Trainee: 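Dropping the structure in here first, questions after.
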Amino acid sequence: MSEERSLNFLEEIVEADLASAKHTIIHTRFPPEPNGYLHIGHAKSICLNFGLADKYGGKTNLRFDDTNPVTEDTEYVESIKADVRWLGFDWEEEHYASDYFDQLYTLAVDLINKGLAYVEDMSAEEIAASKGTPTEPGKESPARSRTIEENLRLFTAMKNGEYNDGEKVLRAKVDMASPNMHMRDPIMYRIKKTNHHRTGDTWCIYPMYDFAHGQSDSIENITHSICTLEFEVHRPLYNWYIEQLNTFPSTQFEFARLNLTYTVMSKRKLLQLVQENLVDGWDDPRMPTISGLRRRGFTPASIRNFCEKIGVQRRENIIDFGLLEFCIREDLNKTANRRMVVLDPIKLIITNYPEGKSEILKGENNPEMEDNGGYRDLPFSRELWIESEDFQEVPQKKWFRLAPDMKVRLKSAYIVQCTGFNKDAQGKVTEVLCEYIPESKSGSDTSGINVKGTIHWISADSALNAEVRLYDRLFNAENPLDEEGDFKSNMNPNSLVIIPQAKIEPDLKHALPGDQFQFIRKGYFCLDPKFTTAEKLVFNRTVTLKDAWAKMGEK
RNA sequence: UGCCCGAUAGUAUAAUGGUAGUACGUCAGAUUUUGGUUCUGAUUGUCUUGGUUCGAAUCCAGGUCGGGCAACCA
């Protein structure tokens, strides 16, 4: 019944490697640098790495690529671990590149001893200048001809703190004329007299990415080192270190990073939004971060499903944000309890319903579930709140909500017929007058009347208030980076609309932070864990419902 | 005017020399006590020019377009 999905290119590689006995077990890793929060692009990488190992009975490590103490912090380490777990993955081993500093140092010394690394005296600017350009070869540094003994002495001195930042670096001796810029004697170690979040002041020299990452893979016996396309040109260097040091032959494979419409994905740009207070932190529900999506109401399953649906390839791509919305609706439709909430209330008065009378009706929790997911109480009385947009004084064509003389069903209650309305001094409709049909009670309707429209409502005397936050896309442009000027100039000014006093049904007072609901006809919402207090409930809109009516309006 | 990579409906992703399929989107219809859900149908595609072949999205060559590479970042 579950038809075979065809393999993606990484699965094909793994199957081939297993079939040829190149590897008997596969070992992947997810290697974030702890310098920011994880985003949906990382989720793709996580699903790929863990998914591959799961599928083929292998293992996945979590490794923090913490080789640059200037930008990294334990705060990020903790958030990353929490996010990976929340997504539903558990790592085999937890490692830190900083745990390998001793081993990496030994490997560097090994390379010096082989005459394949040397200590450089030039400044960063001088190195850059002598590196040449993509079309012209670089020039070999005078330091390239230092003796092994001198290199060992100088490298030890670097390690011992005898030089200041920038005075010396260790370089691999590869090829200054290589057409690949990364092979022109790349830097292996630089001096940074900065406190490291894990190793403190033990080290003042830190390995560069190309050296540290590849060798960390080897140390952990990673068979398939999966990274994004921009590292493709680094692969020859990755392989060079392995060959020269004769370490475990990990292999690097690249895939295209995820791009999403109407947002930005680079850590640098997300950091800017946070630092300039354009959003409410890394976990702002509008952010494409895992923590933002979580607060917005996305479920781990919906994100995993999304990653499955987008597939993986080596070509640049930009995924429609609508696909993510589809995934969360698909999930929540099956699991979220239905509740009635009126965002923009006007009064509906049932003139033939006795004053002072009230009754308790039953509302199904979820029609998609077995036994409708059970029922909750819905107090009903003469005065109700309804959505102001559900009444039109002069109905437009194909309108089947309330308008003079028209009938609608009040969800889970009675059919009512509009008999009139009242306006305030400004001409705004404030009250809609109706008569109800007693025989039309939900579940025991003997009226024989069929109506096209059903609207949501809340009994005025038992309604509670809550703040509701409506989120929309963060940027107006599909790809904010394609537009003229600063990407921030394309931000959507209406990406957050706060409704301070929405009317909610009484049952919602039992909601717990993170609980998810479908507000009937309005969308999926969750109780915000950050702003909700004992006195005030705050709901975040995860996503709207599909709205065929609104779509007709656009045409 | 260097090196590397890529190009299949609007967006993604299959087809591994043999009928171009799937999902999302869009459009239409049915069902519906959510203009939701569900169901049915429709819609639109192999960048280009040559070559190899009985047969090319697939292999080869040229072109075009797009992306990446010259941080003591990862």
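This structure is a prediction, so every number in the text was calculated from the model and none was measured. Note on naming: letters A, B, ... go to the chains in the order of the sequence lines (proteins, then strands), and numbering restarts at 1 for each one. Values below: every heavy atom of this structure, side chains too, minus hydrogens, waters and symmetry copies.
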Trainee: Which residues pass the ring-ring contact (aromatic ring centres under 6.0 Å, His included) test with A:Phe326, sequence neighbours left out?
Mentor: none

Trainee: Pairs under 3.5 angstrom, nitrogen or oxygen only, protein versus nucleotides 63-65 of chain B, please.
Mentor:
none

Trainee: When the ring centroid of A:His196 is compared with that of A:Phe101, is the distance short of 6.0 Å?
Mentor: yes

Trainee: Using whole Å, report how far CD of A:Gln313 lies from P of B:rU13.
Mentor: 6 Å

Trainee: Taking all non-hydrogen atoms of both residues, which atom of A:Trp203 and which atom of A:Lys159 are closest, and how far apart?
Mentor: CZ3-CE, 3.9 Å

Trainee: Under 4.0 Å, counting only non-hydrogen atoms across every strand here, what does A:Ile415 touch: a base, just sugar-phosphate, or nothing?
Mentor: nothing

Trainee: Heavy atoms under 4.0 Å is the rule here; annotate nucleotides 68-74 of chain B 5' to 3' with B where the base is hit, S where only the sugar-phosphate is, and - elsewhere.
Mentor: BSB-BSB

Trainee: Counting only non-hydrogen atoms, which of residues 371-379 of chain A are less than 4.0 Å from RNA chain B?
Mentor: none

Trainee: Taking atom C1' in both B:rC5 and B:rA15, compute the distance separating them and give it to the nearest angstrom.
Mentor: 23 Å

Trainee: Tell me whether A:Asp217 is salt-bridged to A:Arg63, with the criterion being a basic N under 4.0 Å from an acidic carboxylate O.
Mentor: yes

Trainee: Tell me if the centroids of the rings in A:Tyr524 and A:Phe517 come within less than 6.0 Å of each other.
Mentor: no

Trainee: Can you tell me the distance, in whole Å, between the CZ atom of A:Phe255 and the C1' atom of B:rA12?
Mentor: 15 Å

Trainee: Which listed nucleotide (B:rC4, B:rA12, B:rU26) is nearest to the side chain of A:Lys551?
Mentor: B:rU26

Trainee: How far does the C1' atom of B:rU44 sit from the matching atom of B:rU8, given to the nearest Å?
Mentor: 13 Å

Trainee: Round to a whole Å and report the spacing from CG of A:Leu323 to P of B:rU26.
Mentor: 12 Å

Trainee: What residues, two or more places apart in sequence or in another chain, satisfy side-chain hydrogen bond (donor to acceptor under 3.5 Å, both in side chains) together with A:Asn365?
Mentor: A:Arg339

Trainee: Report the distance from atom CZ of A:Phe9 to atom P of B:rA15, rounded to the nearest whole Å.
Mentor: 13 Å

Trainee: Write down the distance separating the C1' atoms in B:rA56 and B:rA42, rounded off to the nearest Å.
Mentor: 30 Å

Trainee: Thinking salt bridges, do A:Glu11 and A:Lys55 make one under a 4.0 Å N-O criterion?
Mentor: yes

Trainee: Are A:Lys362 and A:Tyr375 in a cation-pi setup, meaning NZ or CZ lies under 6.0 angstrom from the ring centre and within 45 degrees of the ring axis?
Mentor: no

Trainee: Using the C1' atom as the reference point in each nucleotide, state the distance between B:rG2 and B:rA12 in Å, no decimals.
Mentor: 33 Å

Trainee: How many whole angstroms separate atom CD of A:Glu11 from atom C1' of B:rU13?
Mentor: 13 Å

Trainee: Can you confirm if the aromatic rings of A:Tyr206 and A:Tyr189 lie within a centre distance of less than 6.0 Å?
Mentor: no

Trainee: Just one of A:Ile226, A:Leu62, A:Asn61, A:Leu48 clears the side chain to side chain contact (heavy atoms under 4.5 Å, CB included) bar with A:Phe30, so which one?
Mentor: A:Leu62

Trainee: Taking side-chain hydrogen bond (donor to acceptor under 3.5 Å, both in side chains) as the definition, give me every residue that meets it alongside A:Thr289, ordered by chain and number, with sequence neighbours left out.
Mentor: none

Trainee: Nearest whole angstrom, please: distance from the P of B:rA23 to the CD1 of A:Ile319.
Mentor: 16 Å

Trainee: For A:Phe253, what residues pass the ring-ring contact (aromatic ring centres under 6.0 Å, His included) criterion, not counting sequence neighbours?
Mentor: A:His224

Trainee: Quickly work out the A:Gln252 CD to B:rC5 C1' distance and round it to whole Å.
Mentor: 13 Å

Trainee: Check side-chain hydrogen bond (donor to acceptor under 3.5 Å, both in side chains) between A:Asp472 and all other residues, then give those that pass, not counting sequence neighbours.
Mentor: none

Trainee: Walk along nucleotides 30-40 of chain B from 5' to 3' and tag each nucleotide B, S or - by protein heavy-atom contact under 4.0 Å, base first, then sugar-phosphate.
Mentor: ---BBBBS---

Trainee: Please measure how far the C1' atom in B:rC60 lies from the corresponding atom in B:rA71, and state the result in whole Å.
Mentor: 40 Å

Trainee: The criterion is side-chain hydrogen bond (donor to acceptor under 3.5 Å, both in side chains); which residues satisfy it with A:Arg401, sequence neighbours excluded?
Mentor: A:Asp390

Trainee: Taking the side chain as C-beta and beyond, is there a heavy-atom pair between A:Met369 and A:Thr335 under 4.5 Å?
Mentor: no

Trainee: Taking B:rC27 as the reference, what is the distance to B:rU34 when you measure between their C1' atoms (whole Å, please)?
Mentor: 23 Å

Trainee: Between A:Arg315 and B:rA7, is there a side-chain N or O to OP1/OP2 distance below 4.0 Å?
Mentor: yes

Trainee: With sequence neighbours excluded, tell me which residues meet ring-ring contact (aromatic ring centres under 6.0 Å, His included) with A:Phe380.
Mentor: A:Tyr353, A:Tyr414, A:Trp457

Trainee: In this structure, is the centre-to-centre distance between the rings of A:His234 and A:Tyr238 below 6.0 Å?
Mentor: no

Trainee: What integer number of Å spans the C1' atoms of B:rU52 and B:rU19?
Mentor: 23 Å

Trainee: Using atom P of each nucleotide, how far apart are B:rA14 and B:rU53 to the nearest Å?
Mentor: 31 Å

Trainee: Under 3.5 Å, is there a donor on one side chain and an acceptor on the other for A:Ser225 and A:Gln252?
Mentor: no

Trainee: Both atom distances under 3.5 Å, Watson-Crick or G-U wobble: I'd like the secondary structure of RNA chain B as a dot-bracket string, with | for pairs made across strands.
Mentor: .((((((..((((....[..))))((((((.......))))))...(((((..]....))))))))))).....

Trainee: Can you tell me the distance, in whole Å, between the OH atom of A:Tyr262 and the P atom of B:rU11?
Mentor: 13 Å

